[in-house]
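See below for the structure under consideration.
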Amino acid sequence: MIRHGRIFGSFVSAEIKNELAYRLNFVLGLVEMLLVVGTSLGAVLVLFTQAKTLNGWTLPEMIALTGVYYLVQGGVNLIFAPSFEKLMEYVRLGTLDFTLLKPASAQFLVSTRHISIVRISDSVLGFVVLGVGLVMLGEAITPWAAVAFALTLACGVAVVYSLLLTLVTLSFWFVRVDNILAIFWAFTDAGRFPIDLYPGWLRFTLATIVPIGIAVTVPAEAISGRMSLETFAAMLAGTAFSVTFASWFWRRGLRSYTGASA
Amino acid sequence: MALVRTYRALLLAGFQQMAQYRIQSLLWMLFAIIRPVIFLAAWVAIATAQGGAVSGYTVGDFAAYYVCLAWVTQLVMAWNSQEFEWEVNQGRLSAKLLRPLHPIHYSIVDNIVYKVTTLPVLAVILIVISVAFGAHYQTQPWHVVVFVPSIILAAALFFVFGYIVASLAFWATRMRTANTLWQRASFVFAGQIAPVALMPVWLQAMAYGLPFWYMQGAPTEILQGTATPERAAFILVGQVAWLIVCYAVFRVVWRRGVRAYSAVGA
């Protein structure tokens with residue numbers, strides 16, 4: 001664990017050094033994110049000019065949910081999305097050999113090697129928006145709600161991570177899987193609203209196949225104190241299952257990898 | 001005449017290329033559908049909670065609006081500004097500039113090919129959504145007649161505006177910020193969040209003053225049949241005016257840009 005932490009630390013410092021060479025790029029990335037988050041909040045405000053609640057969610061709760069949406073997206077886009085994008089390239093070119101030869105868990109290396117530092121802004125902005133929502137909500141957060149929030153947020157990111165790992169593992173058999181990832185990106189947009197808003201087929205998709213829906217909605221429920229114990233238990237169990245499955249599937253896929261020269 | 005022959009050859013090549021990537025074009029359609037469905041679901045929830053209507057918009061009206069919006073969006077869509085950035089960055093534009101045909105013609109052909117191949121599938125999906133949400137269309141025959149010039153103007157406006165944004169790549173190698181700005185402006189002002197009539201008054205005023213609504217929301221209202229004859233006339237005038245302005249800007253920007261352009265590595 002400590003060793004993995006040290007390895008991860010060196011990845012981060014390498015990326016920061018790389019990023020410092022392109023400072024304007026970083027600033028522009030920040031500007032883009034401000035635009036995206038700002039207009040998303042604008043959309044929520046427009047909806048609430050016509051309504052007092054959205055399917056039982058009040059305005060402060062919806063703002064908190066928007067914050068969680070960008071927190072989860074930030075978590076995924078910061079580390080896993082850029083790493084997996086590279087992984088698919090490595091598999092196609094056969095350069096994954098170099099990673100497999102290294103004396104550390106291959107799953108850990110491929111999941112965390114590339115970090116897109118700019119995307120920290122997603123998480124920071126997400127936190128700010130969440131904070132605004134909570135202040136507007138005006139209720140004291142119980143310790144239980146805070147713990148449940150942290151746990152379900154971690155679970156949410158882990159579930160999405162598992163899905164992405166499973167999808168990129170498919171690249172061991174099919175060379176072009178970036179299209180499958182495109183499906184995931186198309187659905188992420190739906191995470192901006194609570195999952196119970198959607199018609200049955202979409203709700204099912206967002207809870208199981210593309211779990212961005214529960215990854216956002218459940219932590220938002222937890223922090224605003226409206227999550228039931230059953231939801232909490234289901235979230236923990238679902239996460240344990242998906243992480244185990246993804247890790248097993250990854251090892252299974254790795255055995256089919258034939259390398260560059262084979 | 002020569003142009004017709006050129007277009008025939010380019011279109012044929014385009015369709016043959018597209019036939020190789022059938023699944024891919026189906027996947028891209030998801031992007032065209034997901035966002036309208038999301039906001040449709042939100043408005044349906046609000047309307048249902050208020051007894052079936054928000055400011056005169058019923059669930060069926062919202063369904064009709066968002067189905068028409070998805071259809072209009074697909075019809076006017078153009079990716080030239082994103083592609084152009086890549087071509088300038090890679091220096092690929094140099095080869096195209098040497099050919100006797102303006103690069104804009106290649107974009108037009110790609111655009112037509114993509115639309116012809118994806119529209120049948122989109123039509124089926126949108127019919128399913130229409131039935132599922134009980135969409136209520138008020139379209140009269142004259143709406144359909146007016147929709148034809150309106151959608152052509154909208155597509156032309158979108159295309160030329162895209163080329164203005166794209167031309168910025170001659171000066172700046174990173175264009176993503178400009179594209180994001182455009183996308184988010186469309187998100188707010190083009191009618192994706194809500195039909196323009198449901199937005200706060202000051203946002204409505206901005207939407208009418210900016211070009212984005214004329215590319216998507218305006219033709220949507222005509223197709224859906226909520227536009228009165230006066231409003232339809234207002235929309236067409238606005239579209240023509242913005243098209244003239246954008247074309248003039250494009251001509252200037254393009255001429256200056258090509259002079260400023262030095263291919264990366266050249």
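Chain letters run A, B, ... following the sequence lines, proteins first and then strands; every chain starts at 1.
Interface remark: B:L203 contributes side-chain atoms only to the contact with chain A (heavy atom separation under 4.5 Å). The part of B:I34 that comes within reach of chain A is its side chain, from C-beta onward, which places non-hydrogen atoms under 4.5 angstrom from that chain. Looking at B:A49, there are no atoms closer than 4.5 Å to chain A (heavy atoms on both sides), in backbone or side chain. Neither the backbone nor the side chain of A:L45 comes within contact range of chain B, judged by heavy atoms closer than 4.5 Å. At a 4.5 Å heavy-atom cutoff, the contact between A:T49 and chain B is made by side-chain atoms alone.
Among the candidates A:V46, A:N55, A:V36, the residue making the largest number of heavy-atom pairs closer than 4.5 Å to chain B is A:V36. The choice from B:T180, B:V44, B:L181, B:I33 that makes the most heavy-atom pairs within less than 4.5 Å of chain A is B:T180. Contact tally against chain A (heavy-atom pairs below 4.5 Å) for B:A194, B:A47, B:A42: the top residue is B:A42.
Heavy-atom neighbours of chain A within the stretch residues 185-193 of chain B, taken at a separation under 4.5 angstrom, comprise B:F187, B:V188, B:I193.
Residue-environment remark: NZ (A:K86) stays at or below the threshold of 12 foreign heavy atoms within 6.0 Å. Heavy atoms of other residues, nucleotides or ligands lying less than 6.0 angstrom from CZ of A:F204 number 12 at most. The environment of A:F249 atom CZ is dense: over 12 non-hydrogen atoms of other residues, nucleotides or ligands sit within 6.0 angstrom.
A donor-acceptor contact shorter than 3.5 Å links the side chain of A:R203 to the backbone of A:Y198. Distance alone, capped at 3.5 Å, places no donor-acceptor pair between the A:D122 side chain and the A:M33 backbone. Judged purely by atom type and a 3.5 angstrom limit, A:S83 uses its side chain to pair as donor or acceptor with the backbone of A:H114.
Between B:Y208 and B:F234, the ring-plane angle classifies as perpendicular under the 30° and 60° cut-offs.
Ring centroids of B:F161 and B:W182 are separated by less than 6.0 Å, placing the two rings close together.
Pairing each heavy atom of A:L65 with each of A:G191, the nearest pair is CD2-O, 4.3 Å.
The pair A:E61-A:R226 meets the salt-bridge criterion, since a charged nitrogen lies less than 4.0 angstrom from a carboxylate oxygen.
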